[in-house]
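Whatever order the structure lists them in is the order used to number ligands and atoms, beginning at 1. Here, residue 1 is the first one in the sequence, and each next residue gets the next number.
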Amino acid sequence: MRILAIETSCDETAIAIIDGSGGLRSPKFKILSNIVSSQIKIHKKYGGVVPHLAKREHQKNLVPVLKQSLEKTRFLKVNFPANEKNSIFIPNLSRDKIKIKENFNQLKEIFIHEPELFLKLFNFLIKYEFPKFDAIAITVGPGLEPALWTGINFARALSFLFDIPLIPVDHMAAHIYVNWLNKNFSKKPFPALTLLISGGHTQLVLGGKYNDFKIIGETRDDAVGEAFDKVAKLLKLGYPGGPIIEKIAEKGNAAAFNFPRPMIKQKNYEFSFSGLKTAVLYEFKKNDHLKTINYKLKVDMAASFQQAAVDVLVEKTVKAINEFKVKNFLVGGGVSANKKIRTDLEKAVKKQFAGWRKKIKIYFPRPDLATDNALSVAVAGYFNYLKGVKIDWQNARAVPNLRIDYLDF
Ligand code: KG4
Ligand code: ZN
């Protein structure tokens, strides 16, 4: 089945087109297009994502991103006139155009809070033939409410016009399911343990089967990606912090500062990263007057901070693999792009589980698919569809605090 997937939960406007086949037993995917339009430039000056600006940018970008996706797949065809009979009454109007014209007010109603997007979509759709899809997958949460709604209303309008079902997708589930796009991905992926590390979440999740997830522990305060972003901001390194810290940390001494590893020895799977961020802040303030050595200091602080964060993630993960005896360990979310996290996790798992447990397989997302994208939404959408999760366009809603263990779809 051919799926159009849309992602607007935060600051990336992303659309992907995928062909899914094989069912839950042996799913296969053919990637037809994957376009991500990043808003980093817009949010950079604020040092974080500003929700109403994210919404404004999604309104601007959704139609150009859709157009690019369709061009890439050669699905973009200029509209053709309707059959002769129709054209006697409405010359040169195709069936698609008639549908738009007849439902103009309904469409306007869908975009009551996104008038700019409505105009852009209207001008686009009257020019081209409706492309053929079997369903539209859309992220409904968790995420920033105004950002989520923009994508949802876009998806609702397309679902209504194309007369195809909407598949609601959980953003964190998408970060898990993107691993299914790995070459040599497990034929028997469950039971699995997943470490989800992003700008909004830090969770250890057990997966029993498709869409059956249980959070066994999560952060009590900041998410690990948020800590990377905040530390980069306070060290005046720029935004988003994760990739910048990773880059400069390569040149730093990770043992220069002995930052705390919060909750590392506690017998649970909870995390806390706000104290670690504050420890970096104190250390930075102590040395802030030393103008000349600031850069070297920052590099060492970045490396020491990264190491502290990675150590906690590794320790808790190894403990969870041990307790729950899973054979598949998956990582997901933007922070999983980090090479230090990848190598340290791999090393620790290999070291801890030598012998018969060597069979434990670790999967990281393709580096370009670790951060937000719509391919992951398309894959999650395929699984949801197979599980019968489809909704009518009228019933789609944003769920900003959606939790993966509360998936009722
Ligand atoms: O999954 P994602 O794209 O968006 C959310 O769902 O939050 O994750 C974004 C987060 C940001 O905090 C960003 O700084 C972090 O992922 N990130 C990284 C790296 N690349 C992105 N953190 C550490 N190292 C990286 N290479
Ligand atoms: Zn994400």
Side-chain angles (χ1 to χ4, degrees), residues 5-14 16 36-40 43-44 46-49 51 54 139-145 147-148 151 169-179 194-203 205 218-219 222-235 237-250 252 254 273-274 276-277 302-303 305-310 312-314 330-345 364-377 379-380 400-404:
I6 302 166
E7 153 65 39
T8 65
S9 67
C10 192
D11 60 343
E12 321 281 3
T13 313
V36 180
S37 166
S38 167
Q39 303 176 2
I40 283 178
H43 301 288
K44 209 175 182 138
Y46 305 96
V49 181
T139 308
V140 294
L144 303 170
E145 188 160 11
L148 286 166
V169 167
D170 175 280
H171 181 72
M172 302 318 288
H175 275 309
I176 296 179
Y177 287 135
V178 75
N179 283 292
T194 307
L195 175 66
L196 286 174
I197 39 181
S198 71
H201 295 77
T202 304
Q203 297 175 329
V205 174
E218 62 190 316
T219 185
D222 292 352
V224 63
E226 191 180 355
F228 270 85
D229 294 337
K230 285 180 175 170
V231 165
K233 193 174 177 180
L234 70 90
L235 294 179
L237 292 170
Y239 172 86
I244 303 173
I245 290 203
E246 173 177 8
K247 187 148 196 300
I248 74 162
E250 281 169 17
F273 290 100
S274 131
L276 170 57
K277 167 203 69 195
F305 156 77
Q306 179 175 263
Q307 193 60 58
V310 171
V312 180
L313 295 172
V314 167
L330 282 58
V331 190
V335 185
S336 71
N338 186 290
K339 289 188 223 60
K340 181 73 182 144
I341 290 182
R342 290 181 179 226
T343 48
D344 281 17
L345 276 171
F364 296 99
R366 233 173 66 185
D368 61 313
L369 297 178
T371 47
D372 292 349
N373 64 82
L375 266 187
S376 55
V377 178
V379 176
N401 298 317
L402 186 59
R403 285 174 65 78
I404 199 166

Does any part of the side chain of [Y], heavy atoms only, come nearer than 4.5 Å to the side chain of [X], both counted from C-beta?
X: Gln39; Y: Thr13; result: yes
X: Glu250; Y: Lys340; result: no
X: Ser336; Y: Ile341; result: no

May I ask you to list the atoms of ligand 1 that are less than 4.0 angstrom from any heavy atom of [X]?
X: Thr371; value: 3 (O), 21 (C)
X: Glu246; value: 24 (N), 25 (C), 26 (N)
X: His175; value: 1 (O), 6 (O)

Please determine if the Zn ion (ligand 2) has an N/O/S atom from His171 lying under 2.8 Å away. yes
So, His175 and the Zn ion (ligand 2): N/O/S under 2.8 Å, yes or no? yes
Interatomic spacing from [atom1] in [X] to [atom2] in [Y] - rounded to 0.5 Å:
X: Leu237; Y: Ile244; atom1: CG; atom2: CD1; value: 6.5 Å
X: His171; Y: Thr8; atom1: NE2; atom2: OG1; value: 10.5 Å
X: Asp372; Y: His175; atom1: CG; atom2: NE2; value: 4.5 Å

Between Phe228 and Phe305, is the ring centre distance below 6.0 Å? yes
Regarding Glu7 and Ser9, do their side chains bring together a donor and an acceptor under 3.5 Å, going by distance alone? yes
Tell me which part of Asp372 gets within contact of ligand 1: side chain, backbone, both or neither, using heavy atoms under 4.0 Å. both
Does [X] have a non-hydrogen atom less than 4.0 Å from ligand 1?
X: Gly200; result: yes
X: Lys339; result: no
X: His171; result: yes

Can you tell me the N, O or S atom of Asp372 that's nearest the Zn ion (ligand 2)? OD1
Taking N or O atoms only and a 3.5 Å limit, does Gly242 qualify as a polar contact for ligand 1? yes
